[in-house]
Amino acid sequence: MLNKNVTIKELETWLRETDKQKLEQLWLAADAVRKEYVGDTVHLRGLIEISNYCVRQCTYCGLAADNKKTTRYRMNADEIFACAEEAARYGYGTVVMQAGEDYGIKTDWLADIVKRIKTELPLAVTLSMGERPFEDLQRWRDAGADRYLLRFETSDTELYKMIHPPLPKQAIDRFEILRQLKLLGYETGSGVMIGIPGQTYATLAKDIDFFRQFDMDMVGVGPYIANPLTPLGRGEIKPDISPEKQVPNTELMTYKVVALTRLVCPQANIPSTTALATMNKESGRELGLARGANVVMPNVTPVQYRTLYEIYPGKACLNETAKQCQECLAARIASIGRTIGTGYGSRNHGPRANLD
Ligand code: SAH
């Protein structure tokens with residue numbers, strides 16, 4: 001079944017599908033649903049990577065506290081505001097502030113930045129600060145933050161523990177935080193990495209089903225990219241799983257997940273991610289957009305910081321200025337006959353595309 005009611009079993013079958021003609025049907029179905037529910041508009045979100053400090057030890061991520069090879073930075077409030085101004089100048093309707101889980105980012109300090117952006121610029125504000133306490137999430141929401149991104153990374157709790165060790169005395173459940181975010185009135189986004197060692201087809205099918213159950217406002221998925229500065233990337237952690245169950249971290253698998261996610265979350269905002277563009281620099285962005293995605297997140301972080309926000313190696317567009325990113329993406333979007341969105345580009349709650 002190729003619609004919103006696709007079963008978990010069918011999701012798994014699609015994830016294993018190799019027949020080109022069948023896959024073509026999937027791409028066409030996802031593209032039709034995308035067009036029907038969110039239209040031809042591609043929304044651009046300016047990404048500001050405000051700090052690469054992190055207290056966590058995620059075994060896949062280059063920002064992990066243990067990685068002593070990374071030079072750490074935290075942008076100051078004026079630098080962040082200048083990036084937001086630049087994003088607004090390019091006509092982006094949203095800025096996304098992302099960071100490692102950095103408690104040097106003080107609650108009130110970030111609240112003041114959010115307030116300033118919301119007061120002075122015509123922008124929606126998205127935060128992606130990791131597993132912060134409820135009080136912080138509340139404070140930032142009160143300051144005017146519109147959205148929050150927190151990928152649950154995998155719905156397999158054993159695998160999650162392996163790739164994302166908890167802090168001492170703090171058993172945190174990302175699903176619980178996602179529920180809190182919804183209650184606080186954030187547009188709530190999540191997602192997973194595709195092809196993490198230990199991820200099975202059955203788990204990934206459940207992940208997609210979870211996007212549906214939760215009625216996610218935003219879903220970001222990208223291939224897992226091994227980082228040699230991490231234990232998982234060096235192969236020091238080896239999950240006990242038979243090869244035929246392991247999901248590959250390929251470009252094709254990522255398109256399948258993007259397309260299936262569009263089917264189960266027709267109204268969601270779904271980005272064609274940088275990790276996808278990293279795998280296929282020629283046309284990864286465009287193919288993501290053609291197979292279900294409707295959002296792109298151009299980086300507006302100053303280049304000197306951007307190169308230090310190295311969650312994985314070889315990130316696409318690493319040395320391009322914000323201006324170059326903007327021009328490149330505008331050309332790519334035009335080349336596939338889509339138009340660039342204006343305004344916030346919030347989640348559409350109506351039954352069909354709001355084409356205003
Ligand atoms: N501290 C925030 C932001 C983390 S970076 C948080 O924990 O939510 C944003 C995303 O990058 C992560 O959620 C993860 O899915 C992705 N990421 C990290 N390391 C990666 C890797 N090696 N390959 C692919 N994606 C990765």
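All ligand and atom numbering here is 1-based and tracks the order in the structure.
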Residue pair Q304 / Y73, side-chain heavy-atom distance below 4.5 Å: no
Side-chain heavy-atom pair M279, T254 within 4.5 angstrom cut-off: no
Minimum-distance protein heavy atom relative to atom 11 (O) of ligand 1: I311 CD1, 3.5 Å
Heavy-atom check, side chain of I270 versus side chain of R34, under 4.5 Å: no
Geometric N/O contact Y309 with ligand 1, under 3.5 angstrom: no
Heavy-atom gap E49 to ligand 1 smaller than 4.0 Å: no
Distance flag, aromatic centroids of F152 and F210, threshold under 6.0 Å: yes
Single-linkage hydrophobic cluster I340~M297, side-chain heavy atoms < 4.5 angstrom: no
Nearest-contact summary for atom 7 (O) of ligand 1 - protein heavy atom, Å: R174 NH2, 3.0 Å
For atom 24 (C) of ligand 1, the protein heavy atom that lies nearest, with its residue and separation: P223 O, 3.3 Å
Heavy-atom nearest neighbour in the protein, as seen from atom 1 (N) of ligand 1, with distance rounded to 0.1 Å: A99 O, 2.9 Å
Shortest reach to atom 22 (N) of ligand 1 by a heavy atom, considering only I225, N227, I177: I225
Salt bridge flag under 4.0 Å for residues E327 and K323: yes
Partner of V42 by side-chain contact (heavy atoms from CB on, under 4.5 Å), out of L329, V295, V296, N294: V296
Nearest-neighbour protein heavy atom for atom 9 (C) of ligand 1, which is reported as residue plus atom name and distance: Q98 NE2, 3.5 Å
Backbone or side-chain N or O of E153 under 3.5 Å from ligand 1 N or O: yes
Ligand-side contact atoms (ligand 1) for residue partner M193, heavy atom cut-off under 4.0 Å: 15 (O), 17 (N), 20 (C), 24 (C), 25 (N), 26 (C)
Test item, G191 contacting ligand 1 (heavy atom, 4.0 angstrom): no
N or O pair under 3.5 Å between Y60 and ligand 1: yes
Other residues, nucleotides, ligands: >12 heavy atoms within 6.0 Å of K281 NZ: yes
N or O pair under 3.5 Å between R151 and ligand 1: yes
